[in-house]
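In what follows, a single structure is set out as structure tokens and then discussed.
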Amino acid sequence: MTTLELIWWCVAGPILFWWVLLAFGSAMQARKFAKLFEREPRQAFAEFRPPAAIIVPCKGADPQLADNLAAILRQNYPAPYRLVLVAQSPDDPAVPIIESAIAAAANDPAAAPAELLISGDAPPNQGQKVHNQLIALRHLGLDQLAKPETQVEAKQSAASDTPTTNNAPLTPDTALVFADSDAVPGPDWLANLIGPLKQQDKTAVTTGYRWLVPPPPHAAAEPLPGGEAAGIAQPHARPPHDPHPKITAIASVMNSSVLSFAGTGKFNFAWGGSMAMLARTAVEGDLLGMFDGALCDDYQVTRMARKINKRVYFVHRCIVASPDAWSYPGLRDFAYRQYMLTRKYFPGLYLLALAMLWAYPVGYAIVLASPLLIYVDAIGGLPGILAGVSLVAVWCFDEIRHRHRLIAMSHALAAEVGERMKPVQKTDRSATLVWMTLHAYLATRPLFSNVMTWRGITYRLHGPQRCERTTP
């Protein structure tokens, strides 16, 4: 056995095995994800409708913000709910839009009540978004509910015959809902998100997720057709770079590759754009303490759920189709932020993600190199045969994965969005090596820095609850 052949069996062989195993796992996970859409809604979930408070931190005037606020203020939800919007400053461009939406809701009997809070600048060791959420939670009274004597009073109040109003005090059974200003689903979003909290003995948090789709023509100037009815968020501003259709397709495929792993039980992660919990769970998990010094809200909510040994429940009916056109700098910076947060909040998951992402380009490189090594008689024929078999197996599993993603896409996205997804489908099927290699490269960049910029503010992230703001 030659030295190169020994190296092949000790290094290349295990990598090829890992590559095939991951391709098989991805195919089976995509199949499991597609089957989520075959489930009928549970009657118990449909009957669970506690009072709710929705918290939406805002920064900047996202395009179609007014439409998003109108949609969230007019949910098909039979129980009382209220909307708390939080901006950093009265000078924020979002404030006039928010005030107009609140005024319109006040004159609409079908709309929920809403209010605007001005949070001020976050402390230098905390993210602005998390700071805004803390201001809203304290405004609602979560800090008071955490006190034992307040909990007793709340239970007594809930047991009384006093009618509940939209502005009722926070009780342990109130649902706390978190949403982003640029990603609001359709009219049944609130009901679908809160229903599974019925299983409060094992469910801490419910969550949806985004599905990036190419925007329709002239999306920046016109509302998305049927957006509210289809559960489609309006596009939001990207960095000042020209978007490119191929980069937009790659961004969507990369996003869907992550989305396909949703619904995996105890391995689910909350998404800050759409998540809910009961107030009693927030008290039990010390949500206020978990947010102290944090930059990222959803990862901290996930950590809270695991701390109290309960699950994050993925609600497939709360998938948000988010139209967006991407440039390479925009995708690069977005991926950097996401993987930087993953590295700091869940380092084990980050390393696993790197091992999974790099398996494809490295495996493909081994397949290409094997015939050359056989030709120069550096390795025997058996390694080359195994490399070829691995390539065929991965291709077959990729086809299975692709077909089940198409099934899931047909259920999750509206028909007009499905037409715009054709370039995405082509990229997913025929350019796997390209987007997987780019995905792996972008995920690796956060290894070399702990500085990130989010909504115009630069932070240095030292740990889950150790962030430092370096710019105003």
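For the numbers below, each heavy atom of this structure counts, side chains included, while hydrogens, waters and symmetry mates do not. Remember, it's a predicted structure, so these values are computed and weren't measured experimentally.
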- Item | Distance under 6.0 Å and angle within 45° of ring axis: Arg306 vs Phe269 | yes

- Look only at the side chain of Arg420 and the backbone of Pro214, and say whether a donor-acceptor pair between them is shorter than 3.5 Å. yes

- Query: Within the side chain of Ser260, is there an N or O that forms a donor-acceptor pair under 3.5 Å with the backbone of Ala30?
  - Reply: no

- Heavy-atom check, side chain of Thr207 versus side chain of Asp298, under 4.5 Å: no

- Closest heavy-atom pair and its distance - Pro446, Tyr350: CD-OH, 4.0 Å

- Query: Given Asn450 and Arg343, is the side chain to side chain contact (heavy atoms under 4.5 Å, CB included) satisfied, shown in steps?
  - Reply: CA-CA 9 Å; Asn450 64 346; Arg343 182 168 81 88; 4.2 Å; yes

- So Val86 and His139, side chain to side chain contact (heavy atoms under 4.5 Å, CB included) or not? Walk me through it. CA-CA 11 Å; Val86 193; His139 173 76; over 6 Å; no

- Item | Side-chain donor-acceptor contact under 3.5 Å, Trp189 with Ser274 | yes

- Any Asn268 side-chain heavy atom under 4.5 Å of Tyr313 side chain: no

- Item | Side chains of Ser257 and Trp435, donor plus acceptor under 3.5 Å | no

- Message: Has Gln75 got a side-chain atom pairing as donor or acceptor with Gly186's backbone, closer than 3.5 angstrom?
- Response: yes

- Task: Verify, without hydrogens or angle tests, whether Asp92 (side chain) and Gly60 (backbone) share a donor-acceptor contact under 3.5 angstrom.
- Result: yes

- Message: Can you tell me how far apart CG (Leu22) and OH (Tyr360) are? Round to the nearest 0.5 Å.
- Response: 12.0 Å

- Query: What's the shortest heavy-atom distance between Ala61 and Ile97, and which atoms?
  - Reply: CB-CD1, 3.8 Å

- Aromatic ring pairing Tyr81/Tyr77, orientation class (parallel under 30°, perpendicular over 60°, tilted between): perpendicular

- For the pair Arg469 (side chain) and Pro123 (backbone), establish whether a donor and an acceptor sit closer than 3.5 Å, ignoring hydrogens and angles. yes

- With the side chain counted from C-beta on, respond yes when Met304 and Thr281 share a heavy-atom pair under 4.5 Å apart, and no when they do not. yes

- Query: Do the side chain of Arg74 and the main chain of Ala70 share a donor and acceptor less than 3.5 angstrom apart?
  - Reply: yes

- Salt-bridge contact Arg82-Glu115 (side-chain N to carboxylate O under 4.0 Å): yes

- Answer yes when Asp428 and Arg405 have at least one side-chain N-carboxylate O distance shorter than 4.0 Å, and no when they do not. yes

- Query: Pick from Ile194, Leu197, Thr171: which one makes a side chain to side chain contact (heavy atoms under 4.5 Å, CB included) with Pro50?
  - Reply: Ile194

- Is there side-chain contact between Pro172 and Leu145, with heavy atoms separated by less than 4.5 Å? yes

- Taking C-beta and beyond as the side chain, do Gln126 and Asp292 meet within less than 4.5 Å on heavy atoms? yes

- Message: Measuring from atom NE2 of His404 to atom CD of Gln29, what distance do you get when rounded to the nearest 0.5 angstrom?
- Response: 11.5 Å

- Message: Please determine whether side chain to side chain contact (heavy atoms under 4.5 Å, CB included) holds for the pair Asp143 and Leu288, giving the CA-CA distance in whole Å, both sets of side-chain angles, and the decisive distance to 0.1 Å.
- Response: CA-CA 8 Å; Asp143 52 343; Leu288 296 177; 3.7 Å; yes

- Item | Exercise: identify the closest heavy-atom pair between Gln465 and Gly289 | NE2-O, 2.8 Å

- Answer whether the closest heavy-atom distance between the side chains of Trp454 and Met340 falls below 4.5 Å. no

- Query: Is the closest side-chain donor-acceptor distance between Arg455 and Gln128 under 3.5 Å?
  - Reply: no

- Mind listing the closest non-hydrogen atom pair of Leu170 and Leu140 along with its distance? CB-O, 3.4 Å

- Message: Is the distance between the ring centroids of His316 and Phe37 under 6.0 Å?
- Response: yes

- Item | Minimum side-chain heavy-atom gap Val258-Gln338 below 4.5 Å | no

- For Tyr328 and Leu438, run side chain to side chain contact (heavy atoms under 4.5 Å, CB included): C-alpha distance rounded to whole Å, both residues' side-chain angles, the deciding distance at 0.1 Å, then the answer. CA-CA 11 Å; Tyr328 175 72; Leu438 179 60; 3.9 Å; yes

- Short question: side chain of Thr458, backbone of Thr470 - any donor-acceptor pair under 3.5 Å? no

- Query: Which pair of non-hydrogen atoms, one from Gly285 and one from Met290, has the smallest distance, and what is that distance?
  - Reply: O-CG, 3.6 Å

- Message: When you measure from the side chain of Ser252 to the backbone of Ala249, do you find a donor-acceptor pair of N or O atoms at a distance under 3.5 Å?
- Response: no

- Item | Shortest non-hydrogen contact between Leu85 and Cys58, atoms and distance | CD2-SG, 3.9 Å

- Message: Heavy-atom count check: over 12 atoms from other residues, nucleotides or ligands less than 6.0 Å from Phe45 CZ?
- Response: yes

- Report the relative orientation of the aromatic rings in Phe314 and Phe33; use parallel for angles under 30°, tilted for 30 to 60°, perpendicular for over 60°. tilted

- Message: Does Arg49 have more than 12 heavy atoms from other residues, nucleotides or ligands lying within 6.0 Å of its CZ?
- Response: yes

- Task: Check whether any side-chain N or O of Tyr336 sits under 3.5 Å from a backbone N or O of Thr453 as a donor-acceptor pair, and report yes or no.
- Result: no

- Query: Taking the side chain as C-beta and beyond, is there a heavy-atom pair between Leu354 and Tyr339 under 4.5 Å?
  - Reply: no

- Are any side-chain N or O atoms of His439 and backbone N or O atoms of Leu357, one a donor and one an acceptor, separated by less than 3.5 Å? no

